[in-house]
Student: 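Have a look at this one before I ask anything.
Both counts, for ligands and for their atoms, begin at 1 and track the order of listing. In this text the structure is predicted, and so the values were computed from the model without any measurement.
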Amino acid sequence: MFEGKSIVLGVTGSISAYKAVDIASKLTQGGAVVEVIMTEAAAEFVAPLSFQSITHRPVHTAMFAPVTDFDIEHVALAERADVLVIAPATANTIARLAVGLADDLFSCTVLSTRAPVIIAPAMDVGMYQNSVTRENLERLRSRGHIIVGPAYGRLASGLEGMGRLVEVGEILAAIHQVLGRGGDLAGRRLVISAGGTQEPIDPVRYIGNYSSGKMGYALAEAARNRGGEVTLITAPAAIPPPLGVEVIQVQTATQMRQAVIEKAAGADALIMAAAVADYRPEVAAEKKIKRRPGRLSIELTRTPDILGEVSGGLIKVGFAAESEEIVENATRKLRDKGLDFIVANDITSADSGFAVDTNRVIIIDRNGKVDRLPLMLKSEVADKILDRVAGLLAGK
Ligand code: CTP
C-alpha cells in the first residue's frame, strides 16, 4: 500500500511516543521506506533502537554539529520524503514549527522539506486549550500542513479532555489521503454504497441479509487511496468503516435511496456494492409482535430500485450476487439499470461473496465484454473495479 514511498516520521517527546513505533511498523509493513527522526526528548520516552529494529534503518537523532554531514543529512531527508509525518507532536514542537525554528535535525528537516507535512498533536488538555497553542496550530494549518487530532480521552496527567494522540488508523488514513493526491481519482467524487439493509418487522426484528460490507468498504478505502473524494453510504456492516471518507449510516432501503440520490447529484461515479433488500414489510408493527397460535404472515412490498433510478451522466457500477446463470442474469441487470459495468459473483462458492476476504468476480461491460478475474482479495478486486472507473472517467 505504501510501496516505493519514502516517509519521514518525526517523533517528539510525548508519553504517546510509543505509539509511533506502531505507526513505523504499519508503514514498513506496507512497503514504505521509513526514516525516523527523534528529538532528544522523544529518545527519553522510547529507545531509538525500537524504531531501528522495525524500520531496518538507522534512526536520526543527531542534534547538533557532531555529525559532519549534518546539512546534507537533513536536506537529503527533506528532499527524499514523499510525506513527512510528525506523530506525536508536542505543544513545544508545534510552537517551534510555527515560528520556523531550525535548531536540530528534526526542525531543520521540517523547515526545508517541500513534501506535505502531517502533524498529530498530543499534549495535556490545558496546553491544547491555551490560545497560544491554538494560534500555532492555526498558523501551521494555514501554511498547508495537515493537522490530525488531537482526540478526546484520558490523558497521562489523569485528566480527561482533548489532547490524546489520535488512533494510529487515523494517522495512516491521513497519509493515504496525502499520498493519493496525485492518484488517478484525484478530484473525483465517488459515492459508494455498502452493507446489508435491514427492513423492520417490529421494534425488535428485521429482514436482513448476510452482507458484511467488506467489498464496499474495500472500494471506499481504495478510492480514498487513489485520491478520490469518497462518500460511503452504509447499511449495517460487520466491520468499522474506513477513515478519511465521508460516512453516512443508514438502515433501510428507503433511507439508502434518499442518501444515494442526494449524494449522487454532482458525483462522478456511483458504485452500489450494498445488498439492498428487494422487499420490505408493508407495515412495521409499532409494538413487538407476540407469539400466538397458528401461522403468521407478513405482507411484503417492493423497495425502490436505487441504482435503476439514479441518472445524470455519472458512471454507474452495480453488483450482482447470483447463484445461477451468472453472466445472463448480470447482463440483464446491467441493461435494466443502465450501468457502465456490473461486477458479478457466484454466491454459492465458499471463497467468494459474503463475509469472506476474497472474491472471484466476473466484470461485464455495456458492450457485453466479459472479463473473468481470478480469486483475489477484496482489496485487489476493488482496485480492478476502480481501474475501470478511472479509465471511463478519463475518457469522458
Ligand atoms: N440495487 C439497488 N436497489 C435495490 C436493489 C438492488 O440499487 N432495491 C442494486 C444493488 O446494490 C446491486 C444491483 O442493484 O448493485 C443488483 O442487485 P440485486 O439485488 O442483485 O439486483 P436485483 O435487480 O434486485 O435482482 P435480484 O432479483 O437478483 O435480486
Student: Decide whether Tyr18 and Ser50 meet the rule of one side-chain donor and one side-chain acceptor closer than 3.5 Å.
Tutor: no
Student: Taking the side chain from Glu322 and the backbone from Ile347, do they hold a donor-acceptor pair closer than 3.5 Å?
Tutor: no
Student: Could you list each nitrogen or oxygen of ligand 1 that sits under 3.5 Å from a protein nitrogen or oxygen, with the atom names and the distance?
Tutor:
residue	atom	partner	partner atom	Å
ligand 1	3 (N)	Ile306	N	3.0
ligand 1	7 (O)	Ile306	N	3.4
ligand 1	7 (O)	Leu307	N	2.8
ligand 1	8 (N)	Pro304	O	2.8
ligand 1	11 (O)	Met272	O	3.4
ligand 1	11 (O)	Ala274	O	2.8
ligand 1	14 (O)	Lys337	NZ	3.0
ligand 1	15 (O)	Met272	O	2.7
ligand 1	15 (O)	Phe319	N	2.8
ligand 1	15 (O)	Phe319	O	3.4
ligand 1	20 (O)	Lys333	NZ	2.6
ligand 1	23 (O)	Lys337	NZ	3.1
ligand 1	24 (O)	Asp278	OD1	2.8
ligand 1	24 (O)	Asp278	OD2	3.0
ligand 1	25 (O)	Lys333	NZ	3.3
ligand 1	28 (O)	Lys333	NZ	2.8
ligand 1	29 (O)	Asp278	OD2	2.7

Student: Is the shortest distance from a Lys or Arg side-chain nitrogen in Glu79 or Arg114 to a carboxylate oxygen in the other one below 4.0 Å?
Tutor: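 Salt bridge flag = yes for Arg114 with Glu79.
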Student: Please set out all donor-acceptor pairs under 3.5 angstrom arising from side-chain atoms of residues 134-152, sequence neighbours excluded.
Tutor:
residue	atom	partner	partner atom	Å
Asn136	ND2	Val132	O	3.2
Glu138	OE1	Arg141	NE	3.3
Ser142	OG	Glu138	O	3.3
Ser142	OG	Arg139	O	2.8
Arg143	NH1	Leu97	O	3.3
Arg143	NH1	Ala98	O	3.4
Arg143	NH2	Ala98	O	2.5

Student: So, are Arg388 and Asp383 salt-bridged, with charged N and O less than 4.0 Å apart?
Tutor: no
Student: Looking only at atom types and distance, does a side-chain atom of Lys316 sit under 3.5 Å from a main-chain N or O of Leu307, one as donor and one as acceptor?
Tutor: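 It does hold such a pair.
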